[in-house]
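For reference, the structure is listed below as structure tokens.
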4 protein chains.
Amino acid sequence: MSGSITSNKRKSRAASPAAASRRADRAAERRVAIVQAAMDEFIARGFAATRLDDIAKRAGVAKGTIYLHFKDKESMFEELIRTAIVPFVGRLAAPLPAGGSVRDMVEALARMFLQEVAGTRRGDLVRLIIAEGPRFPAIADFYYREVVSRGLAAMRALIQLAITRGEIREPKLAQYPQLMIAPMMVAVLWKSLFERHAPLDAEAMLQAHLDLIFGPRRPT
Amino acid sequence: MSGSITSNKRKSRAASPAAASRRADRAAERRVAIVQAAMDEFIARGFAATRLDDIAKRAGVAKGTIYLHFKDKESMFEELIRTAIVPFVGRLAAPLPAGGSVRDMVEALARMFLQEVAGTRRGDLVRLIIAEGPRFPAIADFYYREVVSRGLAAMRALIQLAITRGEIREPKLAQYPQLMIAPMMVAVLWKSLFERHAPLDAEAMLQAHLDLIFGPRRPT
Amino acid sequence: MSGSITSNKRKSRAASPAAASRRADRAAERRVAIVQAAMDEFIARGFAATRLDDIAKRAGVAKGTIYLHFKDKESMFEELIRTAIVPFVGRLAAPLPAGGSVRDMVEALARMFLQEVAGTRRGDLVRLIIAEGPRFPAIADFYYREVVSRGLAAMRALIQLAITRGEIREPKLAQYPQLMIAPMMVAVLWKSLFERHAPLDAEAMLQAHLDLIFGPRRPT
Amino acid sequence: MSGSITSNKRKSRAASPAAASRRADRAAERRVAIVQAAMDEFIARGFAATRLDDIAKRAGVAKGTIYLHFKDKESMFEELIRTAIVPFVGRLAAPLPAGGSVRDMVEALARMFLQEVAGTRRGDLVRLIIAEGPRFPAIADFYYREVVSRGLAAMRALIQLAITRGEIREPKLAQYPQLMIAPMMVAVLWKSLFERHAPLDAEAMLQAHLDLIFGPRRPT
DNA sequence: AATGAATGAGTTTTCATTCAT
DNA sequence: CATGAATGAAAACTCATTCAT
């Protein structure tokens with residue numbers, strides 16, 4: 001809850017509003033740079049091993065500047081992760097393209113997830129949360145509340161729909177939506193840890209998984 | 001490199017063999033204490049945030065003593081994890097109770113895994129490896145080689161057997177043994193991160209998963 | 001490496017150039033204080049036995065400040081000695097008051113050396129180099145290159161001149177300019193080690209030495 | 001003043017005298033090994049940077065054993081140097097082969113010195129004393145008393161004799177016997193520090209020096 | 001607002017010394 | 001006597017945080 005440099009304190013001695021907002025823009029840019037840099041560093045080294053010095057250098061600002069935007073390293077970390085997660089949550093809640101079969105919907109969702117998360121910085125972020133979660137309960141809580149529980153709820157709704165429509169046979173699946181998501185979790189971690197040992201074709205694995213749940217795709 | 005305090009160097013006409021071995025025993029005990037303590041601390045705080053001081057305190061030894069057993073913090077960490085993983089590998093390779101259906105075998109295996117890993121310190125170890133893997137490639141390599149690739153190979157063999165016997169329909173499963181294991185992975189991480197948010201009945205989830213793969217259990 | 005805090009990096013639209021340079025001045029002053037303190041401590045205790053803590057205390061800065069100026073103890077030591085030697089080299093190369101007899105020139109040089117080196121901190125520096133040279137080959141190299149070889153070359157030139165002019169009889173002296181310098185070396189070490197056991201009149205000894213080489217001074 | 005393990009305390013329960021002396025021999029051998037090893041290490045690294053561990057390893061004894069022979073590192077060092085110097089002093093006092101010219105005597109002496117000191121471990125010992133002298137006044141005192149003052153006195157006597165006999169013209173030399181010795185000092189330090197930069201023919205330099213003092217050698 | 005020099009508490013690591021065996 | 005594991009005080013070095021400019 002530090003942040004928000006953009007707003008308050010416009011007591012500057014009657015500088016032109018234009019000038020003031022230019023300044024504010026600069027500050028906002030700086031903040032973004034810091035956030036980016038910090039994310040990169042935290043992902044690369046974890047919380048404890050990351051040096052504010054390196055963040056500052058990477059962001060192109062002075063070390064002290066970081067403290068104008070964040071109270072301290074810890075709250076920077078927490079705020080950072082929150083900030084990174086939020087836009088993602090929107091996506092989850094948003095679309096539901098409706099229309100076709102549930103399998104198509106799930107597949108679309110999963111594909112999107114694989115493309116935008118597995119093998120990307122966002123995937124590393126997931127790993128980071130897994131790594132630091134126990135030491136940052138606030139983050140684990142937030143992540144559970146905003147991502148996990150919502151994601152599972154959404155998945156559960158889809159499963160239920162599929163059961164109703166007869167696309168899915170196994171009724172217990174609705175109680176364990178984690179089963180739907182598990183392969184994607186594994187794909188994310190695999191990319192982050194073992195891709196260089198043995199590349200994984202996540203999309204193909206996804207198909208196999210969906211075939212397991214929805215039955216093999218009937219050739220049209 | 002470090003280690004082996006217990007053995008060699010009996011070149012001295014030792015006070016008495018008994019005495020020498022008593023000493024060695026004490027040293028070995030100390031080593032075990034250090035390893036235990038270190039594991040606990042590393043699991044609780046991660047590599048970078050763990051203080052050798054705390055390890056020493058928890059192990060009941062002086063700080064310097066740690067350096068009699070390990071070259072430095074880093075190699076202590078690596079050796080530690082290796083040491084912790086090794087006995088586990090044995091278990092993986094060993095049993096194969098044969099006998100009944102493949103499903104029974106897989107179920108037995110999975111149960112064992114859930115009981116001995118999910119929700120235990122060993123589960124936290126898995127999380128630790130996920131967390132520190134990228135910064136300790138040696139560990140990621142070792143873990144992949146000794147655990148992941150072996151586990152997947154074993155699982156693949158079982159799947160193939162099940163396909164041959166007609167227990168499993170979906171033939172693509174053999175290409176993605178990760179699918180078999182994914183729910184267990186998720187269970188382990190869940191216990192470590194979200195158990196307090198929403199307890200997970202891993203065994204029941206496992207059953208649902210197996211029903212998905214092998215078809216619902218036919219009531220005898 | 002290290003050093004150069006004083007200069008570069010004025011990329012920031014600095015609060016005010018004056019302010020910036022005032023800061024830089026302060027930093028430069030601090031650096032000088034550290035160098036002074038370090039030199040004193042190293043001379044007093046040698047490299048290994050000198051504590052950075054003491055240097056910091058003596059310089060009136062915090063321990064961390066030292067690391068803003070030097071990479072580590074070792075490179076501080078090496079840089080220090082280089083820095084201390086350089087201004088001296090200038091002197092060696094510079095004067096050659098020409099004019100009178102070679103003996104007068106040599107005498108002037110030697111006197112200068114005795115006054116500015118023997119019994120001063122600079123003399124102790126020579127002792128320090130002798131002491132640490134073998135463990136700091138870079139320093140021994142530097143010292144040989146910048147001081148010893150130049151000094152001997154200069155001396156050899158003077159000797160040759162003196163031989164040409166007939167001031168010196170012994171022609172082999174030109175091959176061993178060390179002979180010219182040896183008594184000064186001894187004087188320096190004597191002051192540093194045995195002055196309290198038996199004071200040495202270095203100037204008188206120098207006269208005796210010059211008489212040996214140039215023949216006794218003819219009373220004008 | 002620690003040491004002397006060889007003697008006292010023969011209260012051992014009536015073991016055969018032979019056995020006792022065998023033990024004593026072993027202890028004496030050990031002591032010698034420690035002294036040797038310590039000397040090597042101290043010469044190579046200086047007092048502060050030398051580890052007792054390394055000395056023990058090199059001597060082939062346990063670290064604790066060192067403390068059976070020496071009170072602590074410091075007194076080991078002091079005693080060591082004393083022990084190493086003593087036999088040398090004997091040599092200085094002893095010979096005086098008399099007979100020939102003073103020049104011959106001095107030359108013999110100097111040759112012996114160059115051969116046995118310059119470029120040998122004994123030469124490094126001299127450097128060690130120069131290096132550590134200021135931090136070990138006891139050693140500087142001892143060295144001055146036993147070596148320097150005696151050596152200079154002997155040299156002075158020879159010079160006086162040479163003056164009486166007319167071999168040396170310059171009468172002031174007797175007041176500065178250091179002048180006689182200076183080139184040898186320089187040779188010792190040169191070998192230790194700069195031999196690899198520029199080899200020095202110490203014997204030839206000595207001849208040039210003696211020619212300077214005694215006049216050029218008349219070809220027989 | 002922004003800077004980056006300065007700080008000093010906190011960490012890892014070393015090593016002389018002790019002492020139970 | 002000899003050993004070498006154990007100790008813990010001491011040293012080098014790091015880095016989050018502050019604050020004068």
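Order of the sequence lines sets the chain letters (A, B, ...), proteins ahead of strands, with each chain counted from 1.
Salt bridge present: C:R135 and C:E132 bring a charged side-chain N and a carboxylate O closer than 4.0 Å. The pair C:R31-C:E79 meets the salt-bridge criterion, with a side-chain N (NZ, NE, NH1 or NH2) lying under 4.0 Å from an Asp/Glu carboxylate O.
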Listing time: all N or O pairs from protein to nucleotides 8-11 of chain E that are below 3.5 Å?
{"unit_1": "E:dG10", "atom_1": "O6", "unit_2": "C:K63", "atom_2": "NZ", "d": "3.3"}
{"unit_1": "E:dT11", "atom_1": "OP1", "unit_2": "B:R51", "atom_2": "NH1", "d": "3.1"}

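Summarising the geometry of A:A84 relative to A:M39, their closest heavy-atom pair is CB-CE, 3.2 Å, with the distance given to 0.1 Å. The shortest non-hydrogen separation linking A:F42 to A:L128 is O-CD1, 3.5 Å. Scanning all heavy atoms of the two residues, the minimum distance from C:M76 to C:A38 falls at SD-CB, 4.2 Å. In terms of heavy atoms, B:I43 sits closest to B:R127 at O-NH2, 3.6 Å. Contact detail for A:A59 and A:A33: the closest heavy-atom pair is CB-O, 3.6 Å.
Rounded to whole angstrom, the span from the CZ atom of B:R31 across to the P atom of F:dA6 amounts to 12 Å. Computed from coordinates, the B:I66 CD1 to F:dA6 P distance equals 12 Å when rounded to whole Å. Counting to the nearest Å, the P atom of F:dT17 and the CG atom of A:L68 are 14 Å from each other. One interatomic measurement links the two molecules: CZ of A:F70 to P of E:dA2, which rounds to 13 Å at whole-angstrom precision. The CZ-C1' distance, from A:F77 to F:dA16, rounds to 16 Å in whole Å. Rounded to a whole Å, the CD1 atom of B:I34 is 14 Å from the P atom of E:dT12. Separating the NZ atom of C:K57 from the C1' atom of F:dA11 is a distance of 12 Å, rounded to the nearest angstrom. In this structure, CD1 of C:I55 is placed 14 Å from C1' of F:dC13, rounded to the nearest angstrom.
Using a 4.5 Å heavy-atom cutoff, the side chains of A:F70 and A:T65 are not in contact.
With E:dA16, E:dT14, E:dT7 as the choices, the nucleotide that has an atom nearest any side-chain atom of D:Y67 turns out to be E:dA16.
Nearer the 5' end of DNA chain E, as judged by each residue's closest nucleotide, is the contact made by C:R26, out of C:R26 and D:A49.
Here B:R30 reaches the OP1 or OP2 of F:dT7: one of its side-chain N or O atoms lies under 4.0 Å away. For F:dA5, the OP1/OP2 oxygens have no side-chain nitrogen or oxygen of B:H69 closer than 4.0 Å.
Counting only Watson-Crick and G-U wobble pairs whose two key distances fall under 3.5 Å, DNA chain F forms stems of three or more stacked pairs at E:2-21 with F:2-21.
A side chain to side chain contact (heavy atoms under 4.5 Å, CB included) with A:V61 holds for exactly one of A:I34, A:L68, A:I55; it is A:I34.
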